**Q** 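Please see the structure below; I have some questions.
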Amino acid sequence: MKPINPVPPPSKFASSLRLGLTFAITFSAMIGSVNALAAPRVLPVGELPQDHRLEPLKDLDGYFPFVPPSNLEAWQKRAERVRRQILVTMGLWPLPTKTPLNAVIHGRIERPDYTVEKVYFESMPGFFVTGNLYRPKGKSGKLPGILCPHGHWPGGRFYDNAKVREEIAVGAERFEEGGRSVLQARCVQLARMGCVVFHYDMLGYADSQQIPMSIAHGFSKQRPEMNAAGAWGLFSPAAESHYQNIMGLQTFNSIRSLDFLLELAEVDPARIGVTGASGGGTQTFILGAIDPRPAVAFPAVMVSTAMQGGCTCENACGLRLDTGNVEFAALFAPKPLGMTGADDWTKDMATKGFPELKQLYGLYQKPDLVHFKALNHFGHNYNSPSRTVMYSWLNKHLQLNALEPVLEQDYQRLTMEELSVWDSQHPRPAAGPDFERQLLQWWTKDARQQLEGMVGSPNQFRQTIRGALEVIIGRSLPSAGEVTYEQTLKQDQGNHWVMGGRLRQMARTEENPVVFLYPKEWNGRTVIWLHPQGKSGLFDAGAGEDYRLQPGVKRLIDGGVAVAGIDLLHQGEFLADNLPLTQTPRVKNNREAAAYTFGYNATVCAQRIQDVLRLVSFIQHHERTSKSIGLIGLKEAGHWAAAARALAGGIVTKSWIDTQGFRFENVAAIHDPDFLPGGAKYFDVPGMLALGAPGALRLSGETASGTELVQRLYTAAGAADRLTFVPTGDEAAGLDWMLQE
């Protein structure tokens, strides 16, 4: 849009935006009636911001391309960020404590060239992984170890395909007996090739019933009784605020399964492979992305730029923001990665996804270590032709020395009764809602204990918590040049200018209406004023262009401080009907699992904090240097200010924040505008406040425990003298403090 007035000369506010920063929101007597607030528009009447976030949301059936960086240095930086995103969003940052496995192996079944045993062990105290262990006979020395996550076949490890004859007729299977289980078939063949194979259950399948199928994979409706303080269950807002999800539990089970495999004396730690199909393919490439121990991976019929995983066990809030399954698979580079496709969401992988993986492996000078075989004449499967491709890949890269091509032989399939690990001597463990609550509370306490241990090490604390917060919010501070400004408004108001326009981050197609108030006797400092109604919070109602400033804003302007207001997402000029947002948008999925929406789209709360960071960056990188930087966020805006300040780092030097004791853990609904997955895990709002150290902080509205924590963290950072606790209220004193040099 063409500006209404030209951008003012450097002596005007538009040339001074680097000169300082304070985020502020005022309340009660300072702002008067919320209903009376008004502000000049910066967009034409009836026009909304040109922002992609107003368009329909992305979901798991979207398009998720992978664009490899041009060099290894760029990829290594990107890989660290994506790997951290996986770990954080699945509740594995830091990794839960690895308690004793207490593994039990029993019920050996003898076959001529291999054995099958029943296994269970504790991945977390009282939480069991169950499965079968296949071992070759007649082999000596260290043997390769293979993990086999099974995927979403009916019955899981107990799967029995009654339509095997139809499979044989189309060439999908070779044997009527052995072909009835695509899962046992690969375990048997790999054992015959000399591997020790552990085939373990997904949650809710076969012997893993502590969290039932209806919750782990079929969850559809929120359970209010499972969102109680200190006693919540999976999928609840409280669990999401701690990044506790089924995908994280299953991934941790995979990690502990690898621990179990490596505890076996005969397993060679340098020759570990992982292979699964469908949901087991998801587990395969996720484990390969975050655990350095596997040497070879083969995720079948799952990696693609299309559907990313339809089950609740394959989704987590924040997991696929700005990334997807092809990039997750790429994190395994440069180790050998093999894949197959079928007539499903992987059918275009040969032209969309695999060429980019080939290009990435080329950066390592190892393009032959990534392989894809399209078998599009079959539907979704891990059938005999697909398994044959896998056998050849593992044979080559684990040095199994089997005769090529590897051909399966028939075997005697085991029944559910023969495979099950539970019997009268090995009874089933506790299960049900009470167990679910106890498991999540152990997870919560374990994470808290680990984080508490970092308090005395400011560098470790900052690295861990800030690294997590970048994922939680989905962004860090934009770099110089990423944010631009187009002015559309300029008014002379006597002792100050009112100017406004569009603040844009073009690469992301995001923009915010902003207003800047610039005193004609400017002292080199700037305030960003956050308000629940956006930039309207700067003004009292006025007639025409005669806008009256709110008393607190006028105080700052009269003191020579420039003030900026911004409409955050779904505020002010984002609203066609002027009604505040009470429930956030969701994807077209009837199941009430937050990850279906927020696994692919940032929450409104996170996006509002991103908007604040956009304005911070614009001011920071403006052509003139700021004398000081400050932040004020009171009451409803306190948690926005705390998070933005934490990610702004040393750019913010002085802050006045009133939190009202707000906690992300207490947000009661997944579509509340303040819902923030992960927001509670890292000491909640007090942890965000602590990341602002050593910046000066005037803090009010906090609980006793929150005050103690912030005090302790500031002291550990050597900044106790920069922290002041004051009662809520006394806005005049707060403004006096902010006006001090």
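Quick caveat, the model's predicted, so the values are computed rather than measured. Along the sequence shown, residues are numbered consecutively beginning with 1.
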**Q** Counting distance only, does the side-chain N/O of Asn245 pair as donor-acceptor with the main-chain N or O of Thr89 below 3.5 Å?
**A** yes
**Q** Keeping the roles fixed (side chain from Trp443, backbone from Gly91), state whether a donor-acceptor pair exists under 3.5 Å.
**A** yes
**Q** So, Phe598 versus Tyr596, ring centres under 6.0 angstrom or not?
**A** no
**Q** Take Val370 and Phe354 through the side-chain contact (heavy atoms from CB on, under 4.5 Å) test and state the conclusion after the steps.
**A** CA-CA 9 Å; Val370 62; Phe354 179 62; 3.9 Å; yes
**Q** Charged N to carboxylate O below 4.0 Å: is that the case for Lys588 and Asp61?
**A** no
**Q** Identify whether the distance between the nearest side-chain nitrogen and carboxylate oxygen of Arg502 and Glu47 falls below 4.0 Å.
**A** yes
**Q** Over 60° means perpendicular and under 30° means parallel, so classify the ring planes of His152 and Tyr205, tilted if in between.
**A** perpendicular
**Q** Carefully, step by step, assess Asp322 and Arg508 under the rule salt bridge (charged side-chain N to carboxylate O under 4.0 Å, His left out).
**A** CA-CA 11 Å; Asp322 298 325; Arg508 293 185 175 273; 3.4 Å; yes
**Q** So does Lys358 have more than 12 non-hydrogen atoms from other groups sitting under 6.0 Å from NZ?
**A** yes
**Q** Is any side-chain heavy atom of Tyr243 less than 4.5 Å from a side-chain heavy atom of Pro677?
**A** yes
**Q** Is a donor on one side and an acceptor on the other found under 3.5 Å between the side chain of Gln50 and the backbone of Thr509?
**A** no
**Q** Given 3.5 Å as the limit, does a donor-acceptor pair link the side chain of Asn325 with the main chain of Thr282, or not?
**A** no
**Q** Main chain of Leu569, side chain of Arg608: is a donor-acceptor contact present, judged purely on distance under 3.5 Å?
**A** yes
**Q** Under a 3.5 Å threshold, yes or no: a donor from one side chain and an acceptor from the other, between Asn601 and Arg53?
**A** no
**Q** Is it the case that the side chain of Asp567 and the backbone of Gly534 share a donor-acceptor pair, with hydrogens and angles ignored and the cut-off at 3.5 Å?
**A** no
**Q** Mark yes or no for whether Arg586, through its side chain, and Asn589, through its backbone, hold a donor-acceptor pair below 3.5 Å.
**A** yes
**Q** When Glu80 is tested against each of Arg84, Arg83, Lys77 for side-chain hydrogen bond (donor to acceptor under 3.5 Å, both in side chains), which residue passes?
**A** Arg84
**Q** Where does the angle between the aromatic ring planes of His570 and Phe574 fall among parallel (under 30°), tilted (30 to 60°) and perpendicular (over 60°)?
**A** tilted
**Q** Give a yes or no on whether a salt bridge exists between Arg223 and Glu436, defined as a side-chain N under 4.0 angstrom from a carboxylate O.
**A** yes
**Q** Below 4.5 Å, heavy atoms only, C-beta onward: do Met302 and Thr346 meet side chain to side chain?
**A** no
**Q** Do Lys58 and Phe64 form a cation-pi contact, if we require the NZ or CZ to be under 6.0 Å from the six-membered ring centre and within 45 degrees of the ring's axis?
**A** yes
**Q** Looking at Lys347, I want to see if its NZ is surrounded by more than 12 non-hydrogen atoms of other residues, nucleotides or ligands under 6.0 Å.
**A** no
**Q** Using side-chain contact (heavy atoms from CB on, under 4.5 Å), reason through Phe683 and Leu689 one step at a time and then give a plain yes or no.
**A** CA-CA 10 Å; Phe683 301 111; Leu689 292 168; over 6 Å; no
**Q** Verify, without hydrogens or angle tests, whether Gln583 (side chain) and Leu581 (backbone) share a donor-acceptor contact under 3.5 angstrom.
**A** no
**Q** Before accepting this row, confirm whether a basic side-chain N of the pair Asp611/Arg614 lies closer than 4.0 Å to the acidic partner's carboxylate O.
**A** yes
**Q** Under 30°, 30 to 60°, or over 60°: which ring-plane class applies to Trp232 and His242, parallel, tilted or perpendicular?
**A** parallel
**Q** Taking the side chain from Ser617 and the backbone from Leu613, do they hold a donor-acceptor pair closer than 3.5 Å?
**A** no
**Q** Does the pair Glu573/Lys535 count as a salt bridge with the N-to-O cut at 4.0 Å?
**A** yes
**Q** Do the rings of Phe219 and Phe235 sit parallel, tilted or perpendicular, given the 30° and 60° boundaries?
**A** parallel
**Q** With a 3.5 Å cut-off and no angle check, do the side chains of Arg81 and Gln85 form a donor-acceptor pair?
**A** yes
